[in-house]
Number of protein chains: 2
Amino acid sequence: MSALLSPAELEERLRQLGAERYHDRHPFHALLHGGKLDRGQVQAWALNRYYYQSRIPLKDAALIARTEDPALRREWRQRLVDHDGDAPGGGGIARWLALTDGLGLERDYVVSAKGVLPATRFAVDAYVRFVRENSLLEAVASSLTELFAPTIIADRVAGMLANYDFIDARTLAYFNARLTQAPRDADFALDCVKREARTPEQQQAVLAALSFKCDVLWAQLDALYHAYVAPGHVPPGAFVPQR
Amino acid sequence: MSALLSPAELEERLRQLGAERYHDRHPFHALLHGGKLDRGQVQAWALNRYYYQSRIPLKDAALIARTEDPALRREWRQRLVDHDGDAPGGGGIARWLALTDGLGLERDYVVSAKGVLPATRFAVDAYVRFVRENSLLEAVASSLTELFAPTIIADRVAGMLANYDFIDARTLAYFNARLTQAPRDADFALDCVKREARTPEQQQAVLAALSFKCDVLWAQLDALYHAYVAPGHVPPGAFVPQR
């Protein structure tokens, strides 16, 4: 039986969990940001991460579809705007495609998701279903990895611009937008779970939801590392970089 | 647009797909059967595979729950009997626990699934949901990996008995039962899809379902290889073998 935490204690536990399990600690990111990957490996990362990006609005819409609170729906709707934009070519998904374009990947191939690692698909789909099927509080809490995003994004942009001649500021436009969007979203979600998690069980569920989401992110990088950093492990049917 | 295949052609395509994508080709199995793993690595395999075993009756019950055909329900019910037995201690799941017991893993820890790799969970859960949510024909077709099981099981039993002093015939009892169960199940499912897939679209869906299931199995071995064969990659919270 866990003790009831104060809202401040809950926040501290959430931040501690992020410090231990957020994917900024994954070795794939050290390689990516440190310029240790070749263009094909960066392509594999961008291709697989596109699948994640493409599922985020489905996840956010699933959350909106579950709440009777207009204020929460309005706030969460901004995430749809951020990802889908107001017109074709706008929004985060389009900005992600600018990155895959810049890396020389065929847009139709990227959008088809044909070359995506099955492990990416399983992890991302597990996240969408978690939001659909678990409690609304857990669904909100699973978004809290955004709390830890600004640091990794700043490191990524600086590291990739400095280390790869096939990357420029235009292709990394996605991340510039996220630097303001992620903290705004994270602050809202954090206030929400601190206010609504009023029993020890709810607080443990919130912590477990963030842990689950960290696993979703970590597993995607494990799969990328195994397939594209360790030699000879691309699974059948997945993207094979041209050397 | 794909051409309509004869039942024999469909079977040939299914067998070809298995020859290309079934996990007998995965390097983890070569290490496992060839005696190249240490006890901790074999423990990690058995622990993670237990999670798969434990979800199989849920998958089979989900399939039974979707068909109005008493003959199909009766036939498929045998799979529940095979896995769950008729009494405590009987059935395939209990035989799998005899293996994890023999490997020195705490039974409560195994059953809790606490140390299971998140990637295992994502892949296995994707399989259960596939059977729940896709067409009944695709659900049946996704079981067809059993067609390819007897060879790998025979190799596994012979290889593990010859190569590991911590393995004996008693701990491998699970596989002996599967040597008769798997072909019976596979023959039934193969007849079923050959009879019921009557349009090119249905036949392509059957092939895609088998491909999906091969991905589910392959991704589990990728995750094991990455975490426990490649050094230093156990994800946060997952089982750590004692050296």
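In what follows, chains carry the letters A, B, and so on, assigned in the order in which the sequence lines appear, proteins first and then strands, with residues in each chain numbered from 1. Just so it is clear, the structure is predicted and the values come from calculations on it, not from any experiment.
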Engaged part of B/D125 at the chain A interface, taking heavy atoms whose separation is under 4.5 Å: neither
Measure distances from B/V124 to the heavy atoms of chain A and classify the residue's part below 4.5 Å as side chain, backbone, both or neither. neither
Hey, which of B/A219, B/P236, B/A126 has the most heavy atom pairs under 4.5 Å with chain A? B/P236
Most heavy-atom pairs under 4.5 angstrom with chain A, which of B/R129, B/E20, B/H233? B/R129
One option among A/D215, A/L117, A/D222 has the most heavy-atom pairs under 4.5 Å with chain B, and it is A/D222
For residues [X] and [Y], is any side-chain donor paired with an opposing acceptor at under 3.5 Å?
{"X": "B/Q53", "Y": "B/Y174", "result": "yes"}
{"X": "A/S135", "Y": "A/E138", "result": "yes"}
{"X": "A/K114", "Y": "A/Y109", "result": "no"}

Are B/R39 and B/Y164 in a cation-pi setup, meaning NZ or CZ lies under 6.0 angstrom from the ring centre and within 45 degrees of the ring axis? no
To the nearest 0.5 Å, what is the distance between OH on A/Y50 and OG1 on A/T120? 14.0 Å
Bottom line for A/P118: the part with an atom under 4.5 Å from chain B's heavy atoms is side chain
Heavy-atom contact with chain B under 4.5 Å, split by part of A/A123: both
Indicate yes or no: at least one non-hydrogen side-chain atom of B/T100 is less than 4.5 angstrom from one of B/R107. no
